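First comes the structure, then the notes that go with it.
Computation of the quantities below employed the complete heavy-atom set of this structure, encompassing side-chain atoms and omitting hydrogens, waters and symmetry-equivalent molecules. Counting begins at 1 with the first residue of the sequence. A quick note: this is a predicted structure, and the numbers were derived from the prediction, not measured.
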Amino acid sequence: MLHPRARTMLLLAIPALIIGIASSLVLIVVMKVASVLQSMLWAALPAKLGISFDSPAWIILMLTLTGIAVGLVIRFSPGHAGPDPAQEPLIGAPVNPAALPGLIIALIIGLAGGVSLGPEHPIMAVNIGLAVFIGSRILPRIGSLDWTILASAGTIGALFGTPVAAALIFSQTLSSNNDVPLWDKLFAPLMAAAAGALTTSLFFHPHFSLSLPHYGQMQIADIFSGAIVVAIAIALGMVAVWCLPRLHRLVHKLKHPVLILGVGGLMLGILGAIGGTVTLFKGLDEMQQLAFSQVFSVSDYLLFALIKLAALVVAAACGFRGGRIFPAVFIGVALGLMLHEHVDAVPAAITVSCSILGLVLVVTRDAWLSLFMAAVVVPDATLIPLLCIVMLPAWLLLAGKPMLMAWRNDK
């Protein structure tokens, strides 16, 4: 009844479903544990001690202790808690299973302690490592690359609550040929992404979208405005690209991870004391505060964007385990709101979406993911043509430029 091509695709269907569900469950458990620990550290404990959770002293103390704790985990855990995220892309090689427990603990402590990184890179590394380790033993006929693709797709679906991001990312990495159509290759990854997204939705819904005024019909002037906003966002992001490898090389001269991360935590604490608690953590909930608040001024939004950018660079350079996409989205929201407040003739939907597009493009160098994040945060269908147009000069500006990563030969 089924063509051999269909039977080949169905061969991976059940593993894809299992991996998608498992990838989502790993994410859910980690986020739930981190949330409980965060409530203890930033609500219950300061209340018990009679200290305000947003006082500069408490912020500096908590971030410094978080850095020391993460440093101890990395120093004494087997496998030294996985690879340095500052030197790795989002989807990397499988990690030694012995390093995964330490990596999860370091991630949870960082998320709960207020470090300005997201969960995406460590969760991706954990899910890929588990999928390759377990899958290659249960079904040795399936290669490690296939397990990596399925785990990556399932994790992306779980992170963003939709398989669309996985479809966009893998449509450019799984190149097609005359013998194997692209959608044959996408079948199993999309199934894993869908399973991950649906599993995540059973427990919580990622709140990426912001309630911004609706954008009307596109005008020619809006294209120029959007292109200028993207250029500003890229320029800001390229400052981080220049700083990250140099700071990474500088702090790693200290050699010992506890010392490196302790100093990094202190720097993050000082930045957090300046910017306030809205500039802490991964940035997903905090960007909602930016959009809903009516009290912030142009200078406030600019301060938040600069502090968060500096915190992202410091956290990544010092070796905290976490991803760079979620903080980049926060920076884009803060920058976009600042530009709108400064020139209110340009709609907030344009400034925010184009700022996100530019910054995520700097961080990931993935046009599809950048478009996706901009469209998800500002869910307005009339913006899609404008975003596609301003992507073109943005891509030209970044052609041949380095990514937001530390140099591989850093010691």
Output a table of donor-acceptor pairs, distance under 3.5 Å, between side-chain atoms of residues 149-156 and any protein atom two or more places apart or on a different chain; print 'none' if there are none.
unit_1 : atom_1 : unit_2 : atom_2 : d
Ser152 : OG     : Thr148 : O      : 2.6
Thr155 : OG1    : Asn127 : ND2    : 2.8
Thr155 : OG1    : Ala151 : O      : 2.7

For a quick test of your reading: what N or O donor-acceptor pairs under 3.5 Å do the side chains of residues 102-119 make, sequence neighbours left out?
unit_1 : atom_1 : unit_2 : atom_2 : d
Ser116 : OG     : Thr279 : O      : 3.2
Ser116 : OG     : Lys308 : NZ     : 3.4

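- A distance of 5.0 Å separates CG in Leu244 from CG in Leu404, rounded to the nearest 0.5 Å.
- Under the side-chain contact (heavy atoms from CB on, under 4.5 Å) criterion, Phe133 pairs with Pro97, Arg137, not counting sequence neighbours.
- Considering every non-hydrogen atom in both Met191 and Ala13, the closest pair reads SD-O, 3.4 Å.
- Annotation: the span from Ile28 atom CD1 to Ser23 atom OG amounts to 10.5 Å, rounded to 0.5 Å.
- Applying the side-chain contact (heavy atoms from CB on, under 4.5 Å) test to Ser299 and every residue at least two apart in sequence or in another chain returns Ser297.
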Sequence neighbours excluded and cut-off under 3.5 Å, please list the side-chain donor-acceptor pairs for residues 139-147, or say none.
unit_1 : atom_1 : unit_2 : atom_2 : d
Trp147 : NE1    : Ile142 : O      : 3.2

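- Counting only heavy atoms from C-beta outward, the side chains of Ser370 and Arg365 never approach each other to under 4.5 Å.
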*Between Met373 and Leu357, is a side chain to side chain contact (heavy atoms under 4.5 Å, CB included) present by the stated rule, with each step listed?*
CA-CA 7 Å; Met373 292 307 304; Leu357 186 148; over 6 Å; no
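- Gln217 is linked by a side-chain contact (heavy atoms from CB on, under 4.5 Å) to Gln219, counting only residues two or more places apart in sequence or in another chain.
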With a cut-off of 3.5 Å and sequence neighbours excluded, list every side-chain donor-acceptor pair involving residues 230-237.
none

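- Distance check, rounded to the nearest 0.5 Å: CD1 of Ile307 to CG of Leu312 gives 12.5 Å.
- Within 6.0 Å of CD1 on Ile384 lie more than 12 heavy atoms contributed by other residues, nucleotides or ligands.
- The distance from atom CE of Met287 to atom NZ of Lys282, rounded to the nearest 0.5 Å, is 10.5 Å.
- By the neighbour-count criterion of 12 heavy atoms within 6.0 Å, atom CE of Met403 is densely surrounded, having more than that number from other residues, nucleotides or ligands.
- Applying the side-chain contact (heavy atoms from CB on, under 4.5 Å) rule to Ile389 yields the partners Met218, Ile223; only residues at least two apart in sequence or on another chain are considered.
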May I have the list of side-chain donor-acceptor pairs in residues 325-343 shorter than 3.5 Å, sequence neighbours left out?
unit_1 : atom_1 : unit_2 : atom_2 : d
His340 : ND1    : Val346 : O      : 2.8
His340 : ND1    : Ala348 : N      : 3.3

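- In this structure Phe372 satisfies the ring pair (Phe, Tyr, Trp, His ring centres under 6.0 Å) test together with Phe160, sequence neighbours excluded.
- Minimum interatomic distance between Ala374 and Leu387 (heavy atoms only, all atoms of both residues): CB-CD1, 4.0 Å.
- In this structure, Thr162 and Ala197 approach most closely via the heavy-atom pair N-CB, 3.5 Å.
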Compile the donor-acceptor pairs under 3.5 Å between side chains in residues 58-65 and protein atoms, sequence neighbours left out, one pair per line.
unit_1 : atom_1 : unit_2 : atom_2 : d
Trp58  : NE1    : Leu41  : O      : 3.4
Thr64  : OG1    : Ile60  : O      : 2.7

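- Residue pairs meeting the ring-ring contact (aromatic ring centres under 6.0 Å, His included) criterion with at least one partner in residues 303-323, sequence neighbours excluded, are Phe296-Phe304.
- Put simply, the side chain of Val263 does not reach to within 4.5 Å of the side chain of Val251, judged on heavy atoms.
- No option in Ile350, Leu212, Leu210 other than Leu212 meets the side-chain contact (heavy atoms from CB on, under 4.5 Å) test with Val378.
- How far CG of Leu359 is from CE of Met238: 11.5 Å, rounded to the nearest 0.5 Å.
- Distance check, rounded to the nearest 0.5 Å: CG of Leu186 to CG of Leu168 gives 10.0 Å.
- Across Val70, Ile68, Ile74, a single residue satisfies side-chain contact (heavy atoms from CB on, under 4.5 Å) together with Leu72, and that is Ile68.
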